[in-house]
Asks: 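Let me begin by handing over the structure; questions about it come next.
Each chain gets a letter, A, B and so on, in the order its sequence line appears, and its residues count up from 1. Just so it is clear, the model here is predicted, and its values are computed rather than measured.
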Amino acid sequence: MFDYQRLVDSITEAAEQGVKASLEDIRNDARRRAPVRKLFKGGGRRSVTAHIGVHNHAVTGKPYQLARRVAGLTLGGSPLRGSQNTSVPTTRRLRAFGGQRLAGSADHTFREVKRVGNDSFTFASTKARFKIGGKSRLIDVHSEINRRARYDVSRGRGINASAGGVTEFGGTLRDSIQVEGPTRSGYRIVGYVVASAIEHGFNYAYAQEFGTAHNAPQPFLRPALRNFFARLGAVQQTSIKTHLERRPHPVRLIASEIELVLSPTGSFGATGSGSALVKLGNKLDRAFG
Amino acid sequence: MATTSAAIKQSLVAALRANATLKAALTGGIHEGFAPARVQTYPLLTYNLVAAPYADDWGSRMIVALLDVFIHAENPVVANNVDQLVLATLDGASLSVTGQTNLICYRTADQPGGISESAEGRKFYQVGGSYEVWTDQSL
C-alpha cells in the first residue's frame, strides 16, 4: 500500500537538506566576499598579487625565494623586476582578503600573531609558508606588511582569537559568518546566514554591509544571497522566500534568511504559494488520490 | 550597445537630482558609497550598488540591480523626512537608463540604520532603504 505520509516526510527531508546546502553555499560566498583587514602595502582592496620569481638556484635544490632582491615582488603595483639569473616567473595570488584564507599557495602563517603584553601583539613569524612546485617553502613577506596593520597588532586591534585555535590578525567578520538552522516546523523550513562581529559593543557587520556617512559599504551578505538566487532557475526562485533583516543589537544584527515553505496549510492542497514542491505535491495528490 | 549597471546608477541619481525639493533638502549632497571627510554638512545622501546579477536570455539581458539609498542626518526626524522624499521619487519611478529599458523601480525594504557618534560626540542618524531596479536590454 502506498504510504503517503512517508512520501511527504521524505520530500520534506530532502527539502531540508536542500535548504541546508543552499545556506552553506551562501555562507561560503559571503565569507569569500567579506572584507578582511588589509595586511600588505599597496594592492587592491580584496587581494594582492605577488609575482614570485623562481630562482635558478631552485633547480639546484636551494630554496625558492620571494623578495625584491631575487626576482621581484609586488603587491598591487607593477612587478619590480630584479636583475638575477634568468628565472621562470611564476605568479601566485595571495588571497589576503576574502574567502579562502590566504589561499592559493600560501598558508595563513603570516596572519598569525602572538601576545607580547596585556593588549599588545606581534606577528608570530616573519615568514609565510608557500607551496611552490609542490614543495613547501618559507618565504619572508614581513617587509610587505603595512604600517597600519603593524600599529593595529601592536595595540591589540583586529585580533581574531577564534580562528580554529590560532590567533590571527583580521578575519573576525569573515569567521563570524555562520549558518543557523535550518529548522523545520511542520512544512516550514527556515534557516539563516548570520554575521555578527562585535567590537566595543558595536557590530561592524552593519557598517560593512551598509556603510556609514564617511565609510564606504562593502556588502558581502546580500550579494551572496542575490548571486545564489541568480544561479537558481525561475521555478526555484518562486519557491523560496528571502529577505534581509536586522535583529536587535547585539545578539544577531544582520542576517540573510532563506525560507522554504512547502505548504502553508500543512497539506498538499492548492495553496497558490507557487512552490515547486507544492506543485509536486499537487501532482502526487492527483496521482494517488 | 550593451550597457552595465553603471547606467542604472546614473539614472537613479538623475531621478534624485530631478526632484528639486529633495535636492534642496540634501544640503550635504549626493555621494556614491560614502561622503568625503571634508563634507560635514547634513543631511546628505549616499547610495551604493549592492548586487546586479545578469539574467541572459536569447538575445536579451535583464539586470536586477539592488541599490541602497541612505540619508545621513543629525536629526532622526529630518532623516526620515528626507527618506520619505526619496521614496516618493524612486518608488514606482520610470528611470531613463541609457541603453536599457527600465521595467520597474521599487523599494524592497527599509534599512533602519544605526546611530553613529563622532569623536566630538555628534550623533548621526542613518535612515534609508533598498531599491530594486529591473532593466532589460537587447544584446
Asks: What is the distance from atom CG of A:Asn215 to atom OG1 of B:Thr46, rounded to the nearest 0.5 Å?
Replies: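 Interatomic distance, A:Asn215 CG to B:Thr46 OG1, rounded to 0.5 Å: 11.0 Å.
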Asks: Would you sort out whether A:His214 and B:Gln40 count as a side-chain contact (heavy atoms from CB on, under 4.5 Å), showing the intermediate values?
Replies: CA-CA 10 Å; A:His214 296 292; B:Gln40 291 297 334; 3.8 Å; yes
Asks: Chain B: which of A:Pro219, A:Ala224, A:Gly211, A:Ala213 shares the most heavy-atom pairs with it under 4.5 Å?
Replies: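 Among the listed options, the one with the most contacts to chain B is A:Ala213.
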Asks: Restricting to non-hydrogen atoms, name the atom on B:Gly33 and the atom on A:Pro217 that form the minimum distance, rounded to 0.1 Å.
Replies: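 Nearest pair, atom of B:Gly33 first, then A:Pro217: O-CD, 3.3 Å.
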Asks: Under a 4.5 Å heavy-atom cut-off, does chain A meet the side chain of B:Ala55, its backbone, both or neither?
Replies: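 Neither; nothing under 4.5 Å.
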Asks: Where do B:Ala51 and A:Pro223 come nearest, in terms of heavy atoms and distance?
Replies: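 That closest heavy-atom pairing would be CB-CA, 3.9 Å.
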Asks: How would you list, in number order, the residues of residues 61-68 of chain B that have a heavy atom less than 4.5 Å from chain A?
Replies: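 Residues of residues 61-68 of chain B touching chain A at under 4.5 Å: B:Val64, B:Leu66, B:Asp68.
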Asks: Within residues 129-139 of chain B, which residues come under 4.5 Å of chain A, heavy atom to heavy atom?
Replies: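 B:Ser130, B:Glu132, listed by number.
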Asks: Kindly check if the number of other-residue, nucleotide or ligand heavy atoms within 6.0 Å of CZ (A:Arg148) is above 12?
Replies: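 Not more than 12 within 6.0 Å, no.
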